[in-house]
Amino acid sequence: MSKAYVVPPFKIKMVEPLRKISRKARIQKLKEAGYNPFALRSEDVFIDLLTDSGTGAMSHFQWSAMMQGDESYAGSRSYYHLEKVVKDITGYAYVLPAHQGRGAEQIVIPQLVQRPGMFFISNMHFDTTRAHVELAGARALDVVDDDCFDTEKYCPFKGNFDLVKLENLIKDKQPENIAGIIMTVTNNSAGGQPVSLANMCAVKKMADHYGIKTIIDGARYAENAYFISVREETCKTMTIRQIARQMFDCADIFLMSAKKDGLVNIGGLIAIKDDEQLFKACRTYMVPMEGFPTYGGLAGRDLEAMAIGLQEALDKHYLAHRIDEVRYLGDRLRAAGVPIQHPTGGHAVFVDGGKMCPHIPYHQFPAQAVVNELYIEGGIRAVEIGSMMLGRDPDTRAQLKSHLELIRLTIPRRTYTYTHLDFVADCLIAVYQRRHTLKGYTFVYEPEVLRHFTAVLKPLE
Ligand code: F0G
């Protein structure tokens, strides 16, 4: 029989108390929050699975490195430490820090858009990436393999590009109109699903053939490399670092929210393989946007923490436990019949709210109903990734229908134990058992853009 779980390769040195308020208080707090868990105070949340971004725990190596941060405005020693680490991992020539992932996006993406009406193609753009593409006057198109929309179907790499769709789109829009191909690894929006090395290589080959730049949106690139190491036959004897290097060989630019696989609470990265002109353009633009190029909106101590965190995140023992936590929660839910994106991905379990509550139509937000009920059940905060987040058609204002209505249970790194995850599973299973009683929601207040962050809702009768 296989082991029940991978024992954490760390012990706990500092703790932060958790408090669970009463069920009656949770009902009241959720009402006051307009049935939108983004508006809850974190002290009213028992287990916070809103995001894995900047919510993880740092190691004692990181904390001690922070004491050695060089806070010089220009030419900080901490920058050169970070630069060396990133060059070693990626093999790229140029490195710029940024305050977080979207900071890196706001610098690089506009440099790639030569004129209005250009396109970026991705397996799946993350929200902020899409926003920066649109702000730069371009359009964002997704060509992920349709397998990722079938939550019950097992596929080892549900983040893969559909290469046929990709090539057809390049031909249809004309290669000279494609500003770049963005490989989101892992594919966050479809469940933290990995992209295979073979798929990345094929994308790179096609991009080179048509003269298009490739970009890795690699917030979770180390988790992606781990999946490659265990699922891709030709890579099973390679180290995580070797796989990561081959992933970076498939791109020209690396953008990273280091709040995920950088194991820091704040930070981001830009790395450029060899395009000196692009590097200089980014460096120039950086000064007014993020700050001087050797600090990029961060303190010297943040650069030190990132330099160490990037290396720790490539440790296979760390990754084996990290990925296993997600697998464990997923298995417990599946065993009770809860429909989830299968197999589980790198950073979260994605529950299929559309399947769970078929009686609630998409425009009444079935996944939001589950998210809210889970808070009432156990003080657990999850997030809706479905029609509520997707929003309206900008022209007709009609509510768009998401491919999937998902509840994301996002697991912060090195933060919760298997016991916490058991509690989460028990609560969600309880909600699942009374799923027929759940009701949909409608808006009381609906902001024009990115409405899910600040909307006020009310339950329907
Ligand atoms: N790219 C991906 C794939 C992401 O998941 C995120 C953030 C970003 C870029 C932007 O990075 O937040 O540092 O500015 N994802 C977080 C999440 C917010 O909850 O999934 P950021």
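Sequential numbering from 1 along the given sequence is applied to the chain's residues. One-based numbering, in listed order, for ligands and for the atoms of each.
In summary, the side chains of Y375 and D44 do not present any donor paired with an acceptor at a separation below 3.5 Å, with no hydrogens or angles considered. No side-chain N or O of T186 forms a donor-acceptor pair with one of N224 less than 3.5 Å apart.
Electrostatic pairing of K260 and E223 does not count as a salt bridge here, judged by no charged N lying under 4.0 Å from a carboxylate O.
Among R334, R327, Q193, the one residue that satisfies the side-chain contact (heavy atoms from CB on, under 4.5 Å) test with T344 is R327.
Partners of Y73 by ring pair (Phe, Tyr, Trp, His ring centres under 6.0 Å), not counting sequence neighbours, listed by chain and number: F292, Y295.
A distance of 10.0 Å separates CD of E304 from OG of S64, quoted to the nearest 0.5 Å.
Around ligand 1 you find T51, S53, Q100, G101, R102, E105, F126, T128, T184, N188, D217, R220, S257, K259, K260, R408, each with a heavy-atom distance below 4.0 Å.
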